Colleague: 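Shown below is the structure under consideration.
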Amino acid sequence: MMIGQYQVQGCSLKVVGNLRISNEELSGASSATDRAHKGFKPKTLTVSLQINQNSPEHLTRLIELAESVNEQGKQTVYTLVDPTAKAMNIRQVQFNDNFSVREASDKRLWQVQFTLSEYRSVPEKVEQRQPKKDPKKQQAEGNSIPPDGPQQDSTNANNEPELTSFEQYLKEIDEAIGPSETEQRADNQPADSTAGTA
């Protein structure tokens with residue numbers, strides 16, 4: 001196994017891969033088996049090996065890799081070369097979870113175990129490439145009404161000022177009575193003068 005540019009040193013190396021599939025039970029208290037698929041979590045590799053205590057630099061180097069961060073303070077991402085990782089389509093990893101070291105029963109070996117988590121898994125890349133959907137703007141049907149209520153024009157269709165109820169009442173009386181004699185004479189006067197001139 002190679003983590004970055006480092007060839008892992010030790011013996012009895014074992015790798016256990018884990019693919020977590022996220023589902024949600026929809027059956028409730030019933031015995032149905034319906035589930036809602038929630039996607040795939042990044043794959044992980046659990047690595048265990050033994051390191052001879054006569055070569056403590058091998059253990060020290062592994063711990064340095066696990067503690068490494070970049071200039072932004074984020075965990076270092078390593079390219080991983082391993083048969084199990086290749087079969088599971090894992091190319092880049094980060095140290096994750098626990099890094100444990102304990103003495104083996106014969107006191108001459110360290111039993112080392114750590115977890116490598118997949119960095120930018122295929123489902124994650126697909127999700128990042130999908131365009132984000134903008135929430136649709138909801139628009140109420142019908143015409144909008146100003147806060148102060150519908151505005152009314154102060155003039156009618158003929159641009160005449162609106163009459164009060166009392167003025168309208170007087171207008172109706174005038175129309176029912178008709179024009180007075182003075183108004184009739186005034187209307188006929190231009191016609192009479194024209195006839196006299198002719």
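This one's a predicted model, so the numbers in the text were calculated from it and none came from an experiment.
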Colleague: List for me each residue that meets side chain to side chain contact (heavy atoms under 4.5 Å, CB included) alongside A85, sequence neighbours excluded, and say none if there are none.
Modeller: L45, L80, D82, I90

Colleague: Roughly how far, to the nearest 0.5 Å, is CD of Q113 from CZ of R102?
Modeller: 8.5 Å

Colleague: Test of understanding: clusters of I, L, V, M, F, W, Y form through side-chain heavy atoms closer than 4.5 Å, transitively. Do L13 and V101 belong to the same one?
Modeller: yes

Colleague: List the residues meeting salt bridge (charged side-chain N to carboxylate O under 4.0 Å, His left out) with E64, not counting sequence neighbours, and say none if there are none.
Modeller: R61

Colleague: Could you list the residues that satisfy side chain to side chain donor-acceptor pair (under 3.5 Å) with Q111, not counting sequence neighbours?
Modeller: Q50

Colleague: At their closest point, which heavy atom of F95 faces which heavy atom of L62, and how far apart are they?
Modeller: CZ-O, 4.3 Å

Colleague: Using a 4.5 Å cut-off on heavy atoms from C-beta on, say whether the side chain of F114 contacts that of L49.
Modeller: yes

Colleague: Please answer: with hydrophobic residues joined when any side-chain heavy atoms are less than 4.5 Å apart, are I51 and I63 in the same cluster?
Modeller: yes

Colleague: Quick one: list whatever passes ring-ring contact (aromatic ring centres under 6.0 Å, His included) with Y6, sequence neighbours left out.
Modeller: none

Colleague: With E57, which residues qualify under side chain to side chain contact (heavy atoms under 4.5 Å, CB included), at least two apart?
Modeller: S55

Colleague: With sequence neighbours left out, write down each residue that passes side chain to side chain donor-acceptor pair (under 3.5 Å) with T84, or none if nothing qualifies.
Modeller: none

Colleague: How many angstroms lie between atom NE2 of H58 and atom CD of Q9, to the nearest 0.5 angstrom?
Modeller: 5.0 Å

Colleague: How far does CD of E103 sit from CZ of R108, to the nearest 0.5 angstrom?
Modeller: 12.5 Å

Colleague: Between CZ of R20 and NZ of K43, what distance do you get to the nearest 0.5 Å?
Modeller: 14.5 Å

Colleague: Do the side chains of V77 and F99 join up, straight or via other hydrophobic residues, at under 4.5 Å, putting them in one cluster?
Modeller: no

Colleague: Identify the two heavy atoms, one from M88 and one from N18, that lie closest to each other, and give their separation to 0.1 Å.
Modeller: CE-N, 3.9 Å

Colleague: According to side chain to side chain donor-acceptor pair (under 3.5 Å), who are the partners of T76, at least two apart in sequence or on a separate chain?
Modeller: S68

Colleague: How long is the straight-line distance from OG1 of T79 back to CD of Q5, given to the nearest 0.5 Å?
Modeller: 8.0 Å

Colleague: By side chain to side chain contact (heavy atoms under 4.5 Å, CB included), which residues pair with D97, not counting sequence neighbours?
Modeller: T115

Colleague: Is V47 reachable from V81 through a run of hydrophobic residues whose side-chain heavy atoms are each under 4.5 Å from the next?
Modeller: no

Colleague: Do Y119 and Y78 come within less than 4.5 Å of each other through their side chains, counting heavy atoms only?
Modeller: no

Colleague: Under a single-linkage definition using a 4.5 Å side-chain heavy-atom cutoff for Ile, Leu, Val, Met, Phe, Trp and Tyr, are V15 and L65 assigned to the same hydrophobic cluster?
Modeller: yes

Colleague: Can you list everything that forms a salt bridge (charged side-chain N to carboxylate O under 4.0 Å, His left out) with E67? Sequence neighbours excluded, please.
Modeller: none

Colleague: Give, for atom CG of N96 and atom CD of Q75, the distance between the pair rounded to the nearest 0.5 Å.
Modeller: 7.0 Å

Colleague: Applying side chain to side chain contact (heavy atoms under 4.5 Å, CB included), name anything that partners N54, two or more places apart in sequence or on another chain.
Modeller: N52

